[in-house]
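Note that this is a predicted model, so its numbers are computed, not measured. Order of the sequence lines fixes the chain letters, A, B, ..., with proteins taken first and strands second; residue numbering starts at 1 for each chain.
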Protein chains: 2
Amino acid sequence: MSASKRDDLVQKSLQAFYRGGFHAIGMDKLAKETGVSKTAMYKHFRSKEELILATLRLRDEQFRNWLMRRVEALAEAPRDQLLAIFDALAEWFEEPGFKSCMFIKASSEYQDRSHPIHAIAAEHKRLLLDYFRMLAEKAGAQSPKALAQQLLLIKEGAIVLAHLHGPKDVAREARAAAAALIDRGLADID
Amino acid sequence: MSASKRDDLVQKSLQAFYRGGFHAIGMDKLAKETGVSKTAMYKHFRSKEELILATLRLRDEQFRNWLMRRVEALAEAPRDQLLAIFDALAEWFEEPGFKSCMFIKASSEYQDRSHPIHAIAAEHKRLLLDYFRMLAEKAGAQSPKALAQQLLLIKEGAIVLAHLHGPKDVAREARAAAAALIDRGLADID
DNA sequence: GAATACGTTTACCGATCGGTAAACATGTAG
DNA sequence: CTACATGTTTACCGATCGGTAAACGTATTC
């Protein structure tokens, strides 16, 4: 029960931090929301920072898993999968609880690149970049790295603007921009 | 002296919040950093939130002014000015103190769209969108609104990734993506 | 049943949070 | 010089911050 209780704590902390922010959610509030006593929390994690790191590791796994599964479900050909990224994003933006990206928010609250929380956020984006590049390679892009980076730019921008302005036009224009860049990145001659 | 002292407080608060984050910088620390006593601060602003709003209003003005002047200095033709946005961004990313966008960070810490701080951040991006659209119109884009939105997506993504991964490749790929979308958005036939 | 071990709750720590009241300068008008 | 207004400092408020020690309950082992 101990291992699952720890997982339960991390899962519930993840939701609380996602909804409320890292600095804004204190350990007392977290104990109340998760139903785990403060002392119990400090038995599993030595500090708030380590708990946050654990929630971010879980979120990284959850999100990338969700995205890959969704992309595979929406399209088969690598080229179409690159575009399907933005269909998946559109679905995410429409979810009721959508509140931007956990890692963008983490890097906003822990701004120093040397901070472990910032570093894990950067790593998450790096892994997404790797995923995009793999798809771009399979699709036969002239420069998979450049295309992946460009698509990641659009994805991050879309998240930020969907959070600020609502999902309305954002997902559509992100998809349109991505389609144009994919077309261009896969053309035989440019 | 009163008016300039207030401006001075806002200016110094802006720097402190930009470097440290909104929740992380308390009013005591702010008093110490700005050299203005806490009571004096509360004479000018009824609450921390109002002070934050004032810093964001100043930042909005500063940033949009800087961007427009820089774009005008870098290019003359509207089409080139659209691209020059990303040259200006590249310069910004290379500045020593660059730590993402104040408004992205504000919306990360005050996530509810109904919150005044979130709202002012959304408004800032809306004003940038208007500026981009005006340039796109002057450049003769087929759909100025769509092109402006796409360029804004890239800009926001670039800021996020420059903050997370450093300025290295980000500005270059942002510019390349923008160039492609501008080409496409200004073509007579598509 | 006594002793040991382990996880939970309760109560508490000093520091800091946002915010305020009262004491204290300082300048100006009569 | 007095009287009043203005602005600043000092000291303080209850609440909450991240984190901890000790009391307590419960199960296992001998």
#### Entry: Interatomic distance where NE2 belongs to B/His44 and P belongs to D/dT6 [whole Å]
14 Å
### Query
What residue among A/Arg6, A/Gln62, A/Arg59 forms side-chain hydrogen bond (donor to acceptor under 3.5 Å, both in side chains) with A/Gln11?
A/Gln62
### Task
Mind checking side-chain contact (heavy atoms from CB on, under 4.5 Å) for A/Asp28 and listing every partner two or more places apart, or none if nothing turns up?
A/Lys38
### Query
Taking NZ, NE, NH1 and NH2 as the nitrogens, is one of them in B/Arg133 or B/Asp130 under 4.0 Å from a carboxylate oxygen of the other?
yes
Do any N or O atoms of the protein come closer than 3.5 Å to N or O atoms of nucleotides 17-19 of chain D, and which pairs are they?
unit_1: D/dG18; atom_1: OP1; unit_2: A/Lys48; atom_2: NZ; d: 2.4
unit_1: D/dG18; atom_1: OP2; unit_2: A/Met27; atom_2: N; d: 2.7
unit_1: D/dG19; atom_1: OP2; unit_2: A/Tyr42; atom_2: OH; d: 2.8
unit_1: D/dG19; atom_1: OP2; unit_2: A/Lys48; atom_2: N; d: 2.8
unit_1: D/dG19; atom_1: O5'; unit_2: A/Tyr42; atom_2: OH; d: 3.4
unit_1: D/dG19; atom_1: N7; unit_2: A/Lys38; atom_2: NZ; d: 2.8
unit_1: D/dG19; atom_1: O6; unit_2: A/Lys38; atom_2: NZ; d: 2.2

#### Entry: Distance, rounded to the nearest Å, where A/Arg6 contributes CZ and C/dG7 contributes P
14 Å
### Message
Has A/Tyr42 got a side-chain atom pairing as donor or acceptor with A/Ser37's backbone, closer than 3.5 angstrom?
### Response
no
### Task
Quick one: list whatever passes ring pair (Phe, Tyr, Trp, His ring centres under 6.0 Å) with A/Phe17, sequence neighbours left out.
A/Phe22
### Query
Expressed in angstrom and rounded to an integer, what is the separation of B/Lys43 atom NZ from D/dA5 atom C1'?
11 Å
### Message
Should the side chain of A/Thr39 and the base of C/dT10 be counted as holding a donor-acceptor pair, with the cut-off at 3.5 Å?
### Response
yes
### Message
With a 4.0 Å cut-off on N to O distance, would you call B/Lys12 and B/Glu33 a salt bridge?
### Response
no
